[in-house]
Amino acid sequence: MHRWSKLFIPTLREAPADAEVASHKFLLRAGYIRQLGAGIYNYLFLGQRSLNKIIAIVRDEMDKIGQEFLLPGILPKDPWVESGRWTGMGDNMFRLQDRKGAELCLGMTHEEIMTGIARNELRSYKQLPQIWYQIQTKYRDEPRPKSGLLRVRQFTMKDSYSFDLNAAGLDTSYKLHDQAYRNIFTRSGLKFVVVDADSGAMGGSQSQEFMVYTDAGEDLIVSCPVCRYAANLEKATSKLEPVTEMEPTGDGMPELVHTPGCASIADVAAFFKISPASDIKCVAYMALKHGGPDSKSGSKPDTWHGVATFLRGDHQVNETKLLGAIGAAELRTMQADELEKYLHGPAGYLGPVGLQHDAKPLGDGLTVIVDKSLEGRKNLVCGANKLDYHLRNVTPGRDFTWTLSADIRSVNEGEACPVDDCDGKLVVGKAVEVGHIFKLGDRYTASMGARVLDENGKEVTPIMGCYGIGIERILTAAIEQSNDANGFWLPSTIAPFQVVVTVTNIGDAALKETGEKLAVALEDAGIDVVLDDRDERAGVKFKDADLVGIPYRINVGKKAASGLVELVSRAKAQSTDVALDAVVHEVKARIQEEQLLLKAD
RNA sequence: CGGGGCGUAGCGCAGCCUGGUAGCGCAUCUGCUUUGGGAGCAGAGGGCCGGGGGUUCGAAUCCCUCCGCCCCGACCA
């Protein structure tokens, strides 16, 4: 029996000043966590208890489709060199040396290690498929930890890895995870959406994220209120309204126009009396390409390449899409001297006409990427690569060419849903990512040389999927979606306790005994209960109960003498009088009803 | 990494500009009263004022430096 008077539940009346988002404030105030450093937290009793419940759900569902492993958190350098990620992970990887000077890192993910096991142990197609998972601490040196447990440098992750003989097998493993994840998040009481996600620059054919809408989230989700379309902004597309073509002037060929001081899209649009959609915007980058693995030095040196992107003036470059289109690892914008070198012009007056460009992305010269939305347009305006001059009557394809044409822009709210026959208008919302499933392909099995014999005795490379769930983010998202001024309430499946029995006046021996007996009865009924037996005023105990996320409270107070107690649903802030001998049954019914509702969604 | 802010008791803050050896509220401990929504009264404990260096007779306060934490940005020239 858990007695509050003996527990360490350090609740705070006020939140520390540096907590911004609701979940951060309440996790601190409710005594779930305490901060140790930037993005590093101590989990106290209530926090750990809730996380353990989440982990139990995850384990229960994962055991239905896979096998639990536990890999080390501290990892040697070699596997990372083999996969090319020793350099590829950059500064996000915590690195250290042992006493001999050998290099090690703290695990931020385990594709290399799992693939290493597969390579060493799997020999035959008969051993496939395999799904291996673990629930383990991950370390990532985030550039900017923030928002309490939402973006941290140490966290708990369920990560799993599937190995299959072929694409059909991978599809099965992927679907198994999809269903397991839906079960996990449903049982955890989250209102989530599944969205199409970017599958990354390197390999990967399909990817979905499990998202919970909240303003505290860092991801932007595009969705259609009419059909079921939903995608991460990094991946989302839309149907564009056709732009009315501009009439050519003069002979219809590019014409140099003096545009003094018109360095922004708005200036140019005003000068030519056109919409920004008819101006060509240029955003120029230096793109980092990883050298890849090298048997001698560990990895070949990284290289920087000039990339110029052109798109409609009213559109935004989507760097994730751009990275994928050109196969680069990182981007930074060009400096003035680089603009001069690659585009021979100053910022504000850059354009595509007359540029020499590479035939393939990331060559020795300049890579020119044009957004799809410019194809087929005519008589546009663009910079002339000359201070205070622009060109008009510019027609893509006729007046300039490119290395690659691709979708490199972010959709805007209000654009038309990309689904055929759907006329919905897209909306954009903030969300937090709680899970991600990903068809990896042979990215790791190939580079690390994992092979099995197929039924014809031929060597083949197994293909992989990888799948992650952020354990703490389930807790965080649950708090974000259910809180008010007084605190938060968790689904009874993941709450540290399902019920708190509050004895309003512990000095009253009869009340105390009633509370004790009730708590025992609840426990016997399989309900996770804590007895608030503190010698505090009733108000203090009520406030704490409202704060700490326990979904049900039973007040044992004045009416107990006449055989009644109060049953309070925290979510509904609703109190009902129930006969003492019926309350166990009633609580149980409510908890069961809650689970049924979750499953029904 | 760039910009901004902050660091004084467990938490929230004042004091700093204009140097004189630290204060308020909450919390904690003791006693009495109180006991259904963060009680009242009385008393008590708790601080190398983030670290180091400097200026000064004297530094929480001024200067230098380091560290830590928070927020914004790190795509539209």
Side-chain angles (χ1 to χ4, degrees), chain A residues 10-21 24-25 28-29 31 34-41 90-91 141-148 151 218 233-234 262-269 276 279-287 307-323 330-336 338-340 343 345-351 369 371 383 385 387 408-410 412 485-487 502-508 511 532 534-548 553 555-560 565-566 568 573 575:
Chain A
T11 57
L12 301 173
R13 187 179 290 212
E14 290 175 285
D18 47 16
E20 294 271 322
V21 302
H24 188 195
K25 281 182 195 162
L28 287 166
R29 285 193 55 201
R34 286 294 183 263
Q35 181 167 21
L36 186 60
I40 306 173
Y41 287 86
D91 291 336
D141 194 0
E142 291 286 341
R144 185 145 102 82
K146 59 183 280 199
S147 306
R151 177 160 296 276
E218 295 185 298
L233 182 70
E234 294 175 348
C262 294
S264 72
I265 299 293
D267 294 338
V268 172
D279 186 18
I280 299 178
K281 173 196 284 193
C282 174
V283 186
Y285 294 94
M286 295 304 293
V307 177
T309 65
F310 296 98
L311 62 166
R312 264 169 53 168
D314 58 333
H315 287 165
Q316 291 81 40
V317 175
N318 183 316
E319 292 193 351
T320 305
K321 288 182 179 179
L322 177 59
L323 284 170
E330 272 180 50
L331 295 172
R332 64 167 177 79
T333 50
M334 277 195 191
Q335 309 289 320
E338 290 160 340
L339 291 176
E340 191 53 44
L343 291 115
Y349 301 92
L350 301 171
I369 306 292
D371 186 69
N385 294 324
L387 184 65
I408 57 161
R409 73 179 188 95
S410 293
N412 292 314
N486 294 321
T502 303
V503 178
T504 57
N505 182 359
I506 207 70
D508 182 327
L511 283 188
D532 193 346
R534 290 176 296 169
D535 184 13
E536 291 282 356
R537 299 169 68 82
V540 171
K541 290 187 267 200
F542 294 160
K543 287 286 186 189
D544 273 346
D546 286 347
L547 174 63
V548 300
R553 180 172 95 227
N555 292 334
V556 178
K558 291 172 185 164
K559 300 170 205 155
V565 293
E566 291 161 2
V568 182
S575 171

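Below, all heavy atoms of this structure are taken into account, side chains as well, without hydrogens, waters or symmetry copies. Per chain, numbering begins at 1; letters A, B, ... match sequence-line order.
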Looking only at heavy atoms, the pair that brings K321(A) and I408(A) closest together is CB-CA, 4.0 Å

Using Watson-Crick geometry (N1-N3 plus N6-O4 or O6-N4) or G-U wobble (N1-O2, O6-N3), each under 3.5 Å, A39(B) is paired with U33(B)

To the nearest angstrom, the CG-P distance between L12(A) and G10(B) comes to 13 Å

Rounded to whole Å, the CD-P distance (E340(A) to A77(B)) equals 18 Å

Here the distance between atom P of C70(B) and atom CG of L28(A), to the nearest Å, is 11 Å

Winner on side-chain proximity to A38(A), out of C70(B), A39(B), A74(B), is C70(B)

* Electrostatic pair R144(A):E218(A) at N-O distance under 4.0 angstrom -> no

**Asked** For the side chain of R553(A) and the base of G37(B), is some donor closer than 3.5 Å to an acceptor across the two?
**Response** yes

Atom CD of E319(A) and atom P of A74(B) are separated, to the nearest Å, by 9 Å

Among the nucleotides A77(B), G36(B), C70(B), whichever has the atom closest to the side chain of F542(A) is G36(B)

To the nearest angstrom, the CZ-P distance between R13(A) and C13(B) comes to 16 Å

Mate of U28(B) across any strand shown (Watson-Crick or G-U wobble, both atom pairs under 3.5 Å) is A44(B)

Would you indicate what G557(A) reaches in the nucleic acid, counting non-hydrogen atoms under 4.0 angstrom: base, sugar-phosphate, or nothing? base

P16(A) has its side chain closest, among A39(B), C72(B), G12(B), to G12(B)

State whether R144(A) places a side-chain N or O below 4.0 Å from either non-bridging phosphate oxygen (OP1 or OP2) of C72(B). yes

ask   = Is there a donor and acceptor pair closer than 3.5 Å between the side chain of R534(A) and the base of G38(B)?
value = no

Between CZ of R29(A) and P of C11(B) the distance, given in whole Å, is 15 Å

Pairing partner of A74(B), by Watson-Crick or G-U wobble and under 3.5 Å for both distances, is none

Practice problem: Determine whether any donor atom in the side chain of E566(A) lies under 3.5 Å from an acceptor atom in the base of G36(B), or the reverse, and answer yes or no. | Solution: yes

Rounded to whole Å, CD of E20(A) lies from P of C71(B) at a distance of 6 Å

Check: Are D532(A) and R553(A) close enough for a salt bridge, meaning some N to O gap below 4.0 Å?
Finding: no

With the side chain defined as heavy atoms from C-beta on, R537(A) is closest, among C71(B), C70(B), U35(B), to U35(B)

Separation of C24(B) atom P from E14(A) atom CD, nearest Å, is 17 Å

Heavy-atom nearest nucleotide on RNA chain B taken for D535(A) and for D544(A); more 5' hit belongs to D535(A)

